[in-house]
Number of protein chains: 2
Amino acid sequence: MNAPTPPEAAFSIAAVERDTGLAKDTLRVWERRYGFPAPTRDANGERLYPPEQVEKLRLIRRLIDHGRRPAGVVGASIDELASMLDSCLCPELASSGREDGLLQLVRLHRSVELNAALRQALMKQGLQRFVADTVAPLAAAVGEAWMRGEVEVPEEHLFTEQVQNVLRSAIGAHATPGGRPRVLLTTFPEEEHVLGLLMAEAMLVPEGVACLSLGTRTPLADIRSAAVGGAFDIVGLSFSIAYPARQAIDGLLELRALLPDSIAIWAGGAAVRDKHKRLPGIRVVGGLDDTLAALRDWRAEHP
Amino acid sequence: MNAPTPPEAAFSIAAVERDTGLAKDTLRVWERRYGFPAPTRDANGERLYPPEQVEKLRLIRRLIDHGRRPAGVVGASIDELASMLDSCLCPELASSGREDGLLQLVRLHRSVELNAALRQALMKQGLQRFVADTVAPLAAAVGEAWMRGEVEVPEEHLFTEQVQNVLRSAIGAHATPGGRPRVLLTTFPEEEHVLGLLMAEAMLVPEGVACLSLGTRTPLADIRSAAVGGAFDIVGLSFSIAYPARQAIDGLLELRALLPDSIAIWAGGAAVRDKHKRLPGIRVVGGLDDTLAALRDWRAEHP
DNA sequence: AAAGTCAAATTGTCCAGGACAAAACACGTC
DNA sequence: GACGTGTTTTGTCCTGGACAATTTGACTTT
């Protein structure tokens with residue numbers, strides 16, 4: 001009655017939806033329009049997607065997230081997709097991860113060494129530089145490698161978990177409960193990436209900011225009640241690259257209308273970068289270092 | 001083109017799916033069969049669900065998760081639902097949370113006090129008793145309160161985040177990289193509750209076990225490759241109450257077939273409790289204290 | 001050359017209503 | 001109680017059509 005386990009070596013449409021993030025309706029309409037994917041059928045007439053097609057769909061998904069349009073990528077051959085992929089990756093990112101060796105630790109399942117290396121870097125650099133100079137580039141490198149298909153799900157999970165462990169305990173050590181401003185951090189309901197929030201928190205906490213993270217996926221109305229009820233000065237939202245820009249903008253404007261003017265909204269992440277013009281009343285944070293600039297601005301205006 | 005923002009005070013079918021966890025198809029078929037929900041339509045003929053109906057759907061969802069069947073709950077009045085709710089809650093749980101006062105801290109948005117109280121309890125009790133005697137009952141109480149509708153999304157997020165922070169830093173302090181056995185912890189792809197994993201890890205790490213958590217939502221094939229590639233002795237899976245029992249059993253048996261006999265499988269959580277008979281070759285862990293019993297058993301067999 | 005305007009093409013989501021297998025239930029038997 | 005067997009309930013999948021939101025691209029105006 002619930003999503004059936006994919007039998008042997010083929011995936012049901014529900015499994016493909018889960019693995020690729022493409023809605024069932026979208027998968028069916030692509031098949032109708034572009035002739036791809038072209039699943040076989042089981043005895044019951046239901047779609048069965050071979051693993052290669054699922055893999056190709058994942059690739060297509062990544063390209064679309066990077067701005068391509070379906071007409072150009074659905075129906076292209078594997079080789080064409082691979083060359084498109086190369087053209088939208090910046091080579092220096094991948095290499096920066098390789099040079100410092102941390103990406104290798106992610107790749108090779110070396111969780112213990114990865115953890116040790118992260119903690120060592122944290123000690124050496126301090127929390128803020130650790131986040132800006134080590135975690136963020138590493139996250140970008142992992143993202144790139146994942147897009148190239150060079151890392152799999154478990155490596156990505158491993159990386160996220162280990163970074164979370166290190167960041168959460170470091171943030172706990174710096175916590176300044178009575179500080180100002182009071183910042184509420186979370187994401188919109190469709191966004192489940194947590195590292196952006198943790199990185200922002202790690203940048204702010206050493207500055208004496210009182211941060212509260214609600215974790216991911218908070219409904220808009222609940223953000224409002226938490227922000228107002230908790231007397232927060234700033235609400236910080238994080239958007240990963242996969243988040244649809246339009247949705248981010250609509251949501252932010254709606255939230256802006258929901259919150260009193262005395263509460264500032266900060267938005268960061270790839271989906272809102274350069275969208276400053278379309279977001280009146282919202283501080284678009286361009287990167288981790290810009291978080292500190294935003295904080296300086298806020299403090300200048302609130303003596 | 002993407003999930004539209006719900007206008008004013010009514011929800012699109014996509015928004016309801018997100019908020020309630022009920023698939024669009026299920027919502028449409030309930031409407032056809034039971035006459036509920038009964039959304040209005042917009043100018044375009046698309047369903048618009050009023051907030052009361054969404055709230056009622058959430059209630060129904062909870063009752064179904066606790067074993068009721070749709071025929072009995074979809075179409076019942078609010079009062080009937082409320083009385084059903086009472087009959088499937090165990091009163092002592094809610095009260096245990098109230099007595100120690102921690103649940104109050106969750107309710108009132110007192111994040112700072114909650115964090116302090118958790119850390120204090122941790123110091124006093126030690127990691128294992130803290131998890132078994134404080135975190136687990138509190139999690140159960142929050143679950144009950146959520147089911148009664150007495151806590152909202154942000155409170156639940158707040159609770160999860162704060163507990164995560166405390167547990168992760170405590171686990172980090174206890175870490176014993178070279179220990180035995182080597183345990184890999186994760187959940188199946190449909191399961192996103194992380195606290196069960198963290199509690200298990202917190203029970204095991206002080207015993208000198210080398211734990212690696214992959215976080216939630218790991219595909220079966222990836223669990224296999226991580227377990228074999230990392231030379232793990234045990235794979236631990238966690239299932240929350242909302243996880244369909246049948247799916248858990250199928251998945252576990254499939255994983256059992258995938259893994260060599262030398263790697264043990266432990267399964268814990270409400271969804272697999274009392275399913276021991278249907279899970280040959282798998283150690284069903286009945287609760288947090290049973291985790292330690294399972295560990296003792298394993299060590300007795302692997303001198 | 002930059003910026004605005006507007007029609008055409010693209011694209012994701014929604015709808016209806018039928019079908020069916022898996023799960024839960026009820027009941028009789030060992 | 002444990003175990004088959006028939007019945008009902010229930011979630012998911014299917015087809016093919018429709019449409020609004022977006023993007024594209026050609027054209028006009030500053």
Side-chain angles (χ1 to χ4, degrees), chain A residues 1-7 10-18 20-34 36 39-49 57 60-61 63-65 67-75 190 244-250 277-278, chain B residues 1-7 11-18 20-34 36 39-49 57 60-61 63-75 190 243-250 271 274-275 277-278:
Chain A
M1 201 88 55
N2 266 284
T5 311
F11 298 80
S12 70
I13 195 169
V16 176
E17 176 180 47
R18 171 163 42 70
T20 64
L22 297 165
K24 298 191 220 341
D25 273 327
T26 305
L27 290 168
R28 294 196 196 99
V29 93
W30 280 6
E31 185 180 338
R32 204 193 309 167
R33 287 185 185 146
Y34 312 116
F36 184 89
T40 60
R41 301 295 177 121
D42 67 4
N44 187 28
E46 303 193 349
R47 292 172 173 79
L48 279 182
Y49 295 82
L57 284 169
I60 290 170
R61 171 71 206 265
L63 285 165
I64 289 176
D65 284 346
R68 302 264 170 178
R69 304 200 62 196
V73 288
V74 185
E190 302 82 5
R246 173 61 192 230
Q247 215 173 331
I249 292 168
D250 285 353
K277 275 167 287 184
R278 295 165 70 182
Chain B
M1 199 90 53
N2 266 286
T5 309
F11 298 80
S12 71
I13 194 169
V16 176
E17 175 180 46
R18 170 162 41 69
T20 64
L22 298 165
K24 298 191 238 298
D25 274 325
T26 304
L27 290 168
R28 293 197 196 99
V29 94
W30 280 5
E31 185 179 337
R32 203 194 309 167
R33 288 187 186 145
Y34 312 115
F36 184 88
T40 59
R41 301 294 178 124
D42 68 3
N44 187 27
E46 303 193 349
R47 292 172 174 79
L48 279 182
Y49 296 83
L57 284 170
I60 291 170
R61 172 70 206 263
L63 286 166
I64 289 176
D65 283 347
H66 275 243
R68 302 265 169 177
R69 305 200 60 194
V73 288
V74 185
E190 302 81 7
Y243 200 92
R246 173 61 192 231
Q247 215 172 330
I249 291 168
D250 284 354
D274 307 324
K275 297 290 186 298
K277 276 165 288 184
R278 295 164 70 182

Next on the checklist: Could you tell me how far apart A:Leu27 (CG) and C:dG12 (C1') are, to the nearest whole angstrom?
Outcome noted: 12 Å
Checklist entry - With B:Arg41, which residues qualify under salt bridge (charged side-chain N to carboxylate O under 4.0 Å, His left out), at least two apart? => result B:Glu31
Checklist entry - Under the 3.5 angstrom rule, does the side chain of B:Arg68 hit a backbone N or O of B:Leu63 as a donor-acceptor pair? => result no
Checklist entry - CZ of A:Arg68 versus C1' of C:dT11: gap in Å, rounded? => result 18 Å
What nitrogen or oxygen pairs link the protein and nucleotides 15-17 of chain C at under 3.5 Å?
unit_1: C:dC15; atom_1: OP1; unit_2: B:Arg47; atom_2: N; d: 2.6
unit_1: C:dC15; atom_1: OP1; unit_2: B:Arg47; atom_2: NH1; d: 3.1
unit_1: C:dC15; atom_1: OP2; unit_2: B:Arg28; atom_2: NE; d: 3.1
unit_1: C:dC15; atom_1: OP2; unit_2: B:Arg28; atom_2: NH2; d: 3.3
unit_1: C:dC15; atom_1: OP2; unit_2: B:Arg47; atom_2: NH1; d: 3.1
unit_1: C:dC15; atom_1: O5'; unit_2: B:Arg47; atom_2: NH1; d: 3.0
unit_1: C:dA16; atom_1: OP1; unit_2: B:Arg41; atom_2: NH1; d: 3.3
unit_1: C:dA16; atom_1: OP1; unit_2: B:Arg41; atom_2: NH2; d: 3.2
unit_1: C:dA16; atom_1: OP2; unit_2: B:Arg47; atom_2: NH1; d: 3.2
unit_1: C:dA16; atom_1: OP2; unit_2: B:Arg47; atom_2: NH2; d: 2.6
unit_1: C:dG17; atom_1: N7; unit_2: B:Arg32; atom_2: NH2; d: 2.9

Checklist entry - Quick one: which of C:dC14, D:dG11, D:dC13 gets closest to the side chain of A:Lys24? => result D:dC13
Item to check | B:Tyr34 side-chain proximity, nearest of C:dT10, D:dT10, D:dG11 | outcome: D:dT10
Item to check | Integer-rounded Å distance: C:dT13 C1' and B:Arg18 CZ | outcome: 14 Å
Checklist entry - Just how far, in rounded Å, is C1' of D:dC13 from OH of A:Tyr49? => result 11 Å
Next on the checklist: Please determine whether a side-chain nitrogen or oxygen atom of B:Ser12 lies at a distance below 4.0 Å from atom OP1 or OP2 of C:dT13.
Outcome noted: no
Next on the checklist: The criterion is salt bridge (charged side-chain N to carboxylate O under 4.0 Å, His left out); which residues satisfy it with A:Glu17, sequence neighbours excluded?
Outcome noted: A:Lys24
Item to check | Pairwise distance CG(B:Leu27) to CG(B:Leu57) - rounded to 0.5 angstrom | outcome: 6.0 Å
Item to check | Value rounded to 0.5 Å, distance of CG in A:Leu22 from CD1 in A:Ile64 | outcome: 7.0 Å
Checklist entry - B:Glu17 or A:Gly72: which one's nearest nucleotide on DNA chain C is closer to the 5' end? => result A:Gly72
Checklist entry - According to a strict under-4.0 Å criterion, is B:Thr26 in side-chain N/O contact with OP1 or OP2 of D:dT10? => result no
Checklist entry - To the nearest 0.5 Å, what is the distance between CG (B:Asp42) and CZ (B:Arg47)? => result 11.0 Å
Checklist outcome for this item: Separation of C:dG12 atom C1' from A:Gln247 atom CD, nearest Å, is 12 Å
Checklist outcome for this item: A:Arg33 atom CZ is separated from C:dT10 atom P, nearest whole Å, by 10 Å
Item to check | Atom-pair distance (CG on A:Asp42; C1' on D:dC14), nearest Å | outcome: 12 Å
Checklist outcome for this item: Per atom distances to the B:Arg69 side chain, the nearest of D:dT24, D:dC13, D:dT9 is D:dT9
Checklist outcome for this item: Separation between CZ (B:Arg33) and CZ (B:Arg28), nearest 0.5 Å, reads 13.5 Å
